[in-house]
There are 2 protein chains.
Amino acid sequence: MLNQLHITAEDMIQQNGGRATAGRIGILAILLAEQQAMTHREIEQRLPEAVQLDRVTLYRALEWLAGKNLIHKVTSDDRVWRYHANRGVHNTHQHAHFKCMCCAQVICLDALTIERNWHLPTGYRFQEIELTVKGLCADCG
Amino acid sequence: MLNQLHITAEDMIQQNGGRATAGRIGILAILLAEQQAMTHREIEQRLPEAVQLDRVTLYRALEWLAGKNLIHKVTSDDRVWRYHANRGVHNTHQHAHFKCMCCAQVICLDALTIERNWHLPTGYRFQEIELTVKGLCADCG
DNA sequence: AATATAAACGCAACAATGTTGCATGGATTG
DNA sequence: CAATCCATGCAACATTGTTGCGTTTATATT
Ligand SMILES: [Mn+2]
Ligand SMILES: [Mn+2]
Ligand SMILES: [Zn+2]
Ligand SMILES: [Zn+2]
């Protein structure tokens, strides 16, 4: 199962013209296996001993994966980026996120579509939207 | 005009049981005069020579003003808090913001009301929403 | 399989933003 | 005027992320 994800991850990386290093494969496999958006720290901790990476290398690998649209970055009010594997609908970059104000977990809200019946001030141009719903998750609520 | 804002700011501070120091009055007057949400740096630079504050004092004054609901903090993907005076509708904390992806200015979108016809996963509880529309402002677009 | 080479990597140093502890100063109150 | 306590300034620290640069390594080429 996890091994299968490694193969998938390796394929995804090679198909984007990148070198399939143990670090990149391990990171992407972790993100593919996890439903929640993960912080740099959480990813680091879940990496097996055999694939311990330097902090900087981890940042650069995540940046590369995001640039290839294999994962996406999620902003948050705690000044920490979270990363999440792109699956199907995620690629639109128009999905919202939920953040638990108690345990800080972040999940994607795939079903939430944002209506655009509003308008901006004159001269302003829309490009993208960033929506975070905050509250308590099932465990904390 | 700016003097009038100082008097207003002084009133607002005293009515909340705080000491009306030159720093707090100056900060609040600046925020009351400015339409955009301002960063810590921008506020610091606009403070007159006579009211130069320590970085930490400025942070603490902003924290105090936000705690009294005289201003509100705006989160952003650049990891910098912005501050904006509360006026009327702002107090609801349910207004959205626009951020220019070119010049990084942030304004409040008072008119944008967020519809709640969506639902969260089972067990999840809604508390508040954070919405940022991104694009180009009138100057940059 | 050996080699060449550009892409990844590791380390150190740096940068930006914000926080904490603590001693000092000064406004407010009695 | 004295006592109090809120606010301030300074130093040190914390967190997150970035940059420069020399070294290693995955991959293509021979
Ligand atoms: Mn997402
Ligand atoms: Mn606002
Ligand atoms: Zn939770
Ligand atoms: Zn702009």
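Quick note on labels: first sequence line is chain A, next is B, and so on, each numbered from 1. All values derive from a computational prediction rather than experimental measurement.
When the side-chain hydrogen bond (donor to acceptor under 3.5 Å, both in side chains) test is applied to B:D77, the partners found at least two apart in sequence or on another chain are B:K99, B:K134. Partners of A:D54 under the side-chain hydrogen bond (donor to acceptor under 3.5 Å, both in side chains) rule, at least two apart in sequence or in another chain, do not exist in this structure. Every residue two or more places apart in sequence or in another chain that forms a side-chain contact (heavy atoms from CB on, under 4.5 Å) with A:C103 is listed here: A:C100, A:Q105, A:C137, A:C140. Residues that satisfy the salt bridge (charged side-chain N to carboxylate O under 4.0 Å, His left out) test with B:R79, not counting sequence neighbours, are absent from this structure. Residues passing the side-chain contact (heavy atoms from CB on, under 4.5 Å) test with B:V133 are A:W118, A:L120, A:F126, A:I129, B:F98, B:L109, B:L112, sequence neighbours excluded.
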For a quick test of your reading: what N or O donor-acceptor pairs under 3.5 Å do the side chains of residues 9-24 of chain A make, sequence neighbours left out?
| unit_1 | atom_1 | unit_2 | atom_2 | d |
| --- | --- | --- | --- | --- |
| A:N16 | ND2 | A:M12 | O | 2.8 |
| A:T21 | OG1 | A:R24 | N | 3.4 |
| A:R24 | NH1 | A:R19 | O | 3.2 |

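In this structure, B:H84 contributes its side chain and B:Q35 its backbone to a donor-acceptor pair below 3.5 Å.
DNA chain D is contacted by both A:R41 and A:A20; A:R41 maps to the nucleotide lying nearer its 5′ end (nearest heavy atom per residue).
Computed from coordinates, the B:W81 CH2 to D:dT16 C1' distance equals 15 Å when rounded to whole Å. Taking atom CG on B:D77 and atom P on D:dT16, their separation rounds to 17 Å, with Å as the unit. Protein atom CD1 of A:I25 is 16 Å distant from nucleotide atom P of D:dT25, rounded to whole Å. Look at CD on A:E63: it is 9 Å from C1' on D:dT18, rounded to the nearest Å.
Applying the ring-ring contact (aromatic ring centres under 6.0 Å, His included) test to pairs two or more places apart or on separate chains, those with a residue in residues 25-61 of chain A are A:H40-A:Y59. Counting only residues at least two apart or on different chains, the salt bridge (Lys or Arg N to Asp or Glu O under 4.0 Å) pairs with a member in residues 40-52 of chain B are B:E34-B:R46.
Clustering of Ile, Leu, Val, Met, Phe, Trp and Tyr side chains at separations under 4.5 Å leaves A:V56 isolated, with no partner residue.
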- Take nucleotides 3-13 of chain D nucleotide by nucleotide from the 5' end and write B, S or -, depending on whether a protein heavy atom sits under 4.0 Å from the base, only from the sugar-phosphate, or from neither. --BBSSBBB--

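The terminal axes of the helix from C:dA1-D:dT30 to C:dG30-D:dC1, fitted over 5 pairs per end, subtend an angle of 30° to the nearest 10°.
A donor and an acceptor atom, one from each side chain of A:H72 and A:N86, are located under 3.5 Å apart.
With a heavy-atom cut-off of 4.0 Å to chain A, the contacted part of DNA chain C has its first and last nucleotide at C:dA6 to C:dG18.
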